[in-house]
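Written out below as structure tokens is the structure these notes cover.
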Amino acid sequence: MTAAPTSVAFDGPARRSAPVTRPSWRSLLPWAAGPVWIIAACVTWRWPDADDFPDTTLLAGLFLAGGLVLLLAAALHRLSARAPWAIALGVGLAAWEIAQAKLLWLPRPFFGTPQDLLDVFVTDWRKLGDSLLHSLALLVVGYTIGSLVGIAVGVGLGRSVRFRYWVQPVIRLIGPLPPVALLPLAFVLIPSSRVASEALMSLAAGFPVAILTWSGIAAVDPAYYDVARTMGARGRFLVLRVALPAATPQIFVGLFMGLGASFAMLVVAEMLGVKSGLGFYMQWAQGWAAYPNMYAALLVMSVMCTGLMTLLFRVRDHVLKWQKDGLKW
Amino acid sequence: MVSKTTTVPLGLRVEGLNHGYMIGGTYTSVLENIDLTVAPGEFVALLGPSGCGKSTLLRLVAGLEPPRSGRMFADETPITGPGPDRIVMFQDPTLYPWRTVRRNVALGHDIAGRPNDAVISDAIALVGLSGFENAWPHQLSGGMAQRVALARALVNDPRLLILDEPLGKLDSLTRLTMQTELSRLWRDRGFTALMVTHDVEEALLLASRVIVFSPRPARVIADLPITLPPHRHRDDPRLLGLRKDILMQLGHSEDW
């Protein structure tokens, strides 16, 4: 007891000074990101292209703007955790630019240059944006209907013996079937390809949502019902205010899986039947051998998917804020 | 104020109650021919060996399940299901993890559709948890969670409080405090209390009457009025004498 304070006082200052000198290069890391991008801009601008590529000057300007933004972020101390990523991205883009636009290492037209990709956004942004909106509209309708029906079916399976008797065999037969397999049939049976795709997307989303809602409700501690029942709660309260909130963590797992299944269904439906959307754009681009357009559509699609996934996780984090810990997206 | 409301205590009458469960295809009798009368305002403790069916009796009285045969009356009304005048407090707090402390306490009001913020605040203050209204259940200690469960029961202004080993899982010091609080609440509020416990000392400290059950199937083997003064001490020689008698009834004459 008496020795401890003395020893702290003795070797305390020596220990405290050590961490200040050691990670100094780490504190400089955010300042490296901006220059990397500015160098990429110079290389793009000054090094002559191997062929007549569009928008080289615009691309260099964008790299330069990116570099200046990163320098500003470093000055405002907003870059510390993301600095390694910002540097890696700058190096990667510069390497792509050098390998393809300056040295032409990879076979064209399958591999484009950064300016080819940029040019698609510059010249074709209207059509890309329009395709994005069409895809989003199709997805949101199908996914929302599928999720709501899935939750309702899951509650029915979890709470009603008679409902389970009739519905469970149907779900066991149809649920595991990839909804894509039903696409040819759906296009024949449903005159509107749009409605057919939405129906199949609902099915794709609804199956995992229904199963996980069911499993969540089946796992509810019976004591939760007893507590509410002893205070006079009946069916409606027990379902909406006890069973559903208790099952929410599982329901969100189902919603997450259902969203992934809807993405797959969306792309296939747009490639095979619906005459709009990003999947259709990609199919069209491939038909014209417009590979940069395909890459652009892929990029837009992946931004859309990750954006929607992020949105879903935000909603989940808000709804499940009572949980002790949870997966962070 | 919650503590000043005058509760009309409930009288309970149980006649010829039988109950049991199908376990592995065979019927196991849990309660056999139970007759029991609890006068309004009594604090009755049910003692008995583990697994003898005391908790089953509480579930039947609460109306959570129907008995196999026999009749139960709350005052003179037959008990056919749960009712907010008979509130159960379980061994586990079973707070809803998705509700804050305040929203958990408000559960009974939500069910009845009659929110009353003042009553809820008073109940939280009564169990000493003011300032924790917005905490989540996972942030509470076991004792605090059980206090929330007590407040959640009290906001319904129960005429019969059914206590299923409510202090059974608490640490011994928290248990001492909660025993004192339960005793005080019963005297202040005047509800009828029916409590299952394994703790003979707890029964003698709190109850105005102790009923001892036999091993399963449960039958009443002793019914002792406790005429000790309201503020009891654990080392009161009369209490120690009663404790010895009850332990002998339970077949533990050598163990005390």
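Order of the sequence lines sets the chain letters (A, B, ...), proteins ahead of strands, with each chain counted from 1.
- We find the CG-CZ distance between B:Asn104 and B:Arg152 to be 6.0 Å, quoted to the nearest 0.5 Å.
- Interface residue A:Phe237: only side-chain heavy atoms are found under 4.5 Å from chain B.
- No hydrogens or angles considered: nothing links the side chains of A:Glu270 and A:His134 as a donor-acceptor pair under 3.5 Å.
- At a 4.5 Å heavy-atom cutoff, the contact between B:Leu95 and chain A is made by backbone atoms alone.
- Both the backbone and the side chain of A:Val242 come within contact range of chain B, with heavy atoms under 4.5 Å apart.
- For a residue to count as touching a neighbouring chain, one of its non-hydrogen atoms must lie under 4.5 Å from one of that chain's; by this rule B:Asp110 touches chain A with backbone and side chain alike.
- Side chain to side chain, B:Asn134 and B:Thr100 fail the donor-acceptor criterion of an N or O pair below 3.5 Å.
- Considering only heavy atoms from C-beta on, B:Leu194 stays 4.5 Å or farther from B:Leu57 through its side chain.
- By the 6.0 Å and 45° rule, A:Arg159 stacks over the aromatic ring of A:Tyr225.
- With a threshold of 4.5 angstrom between heavy atoms, A:Arg236 does not approach chain B through any atom at all.
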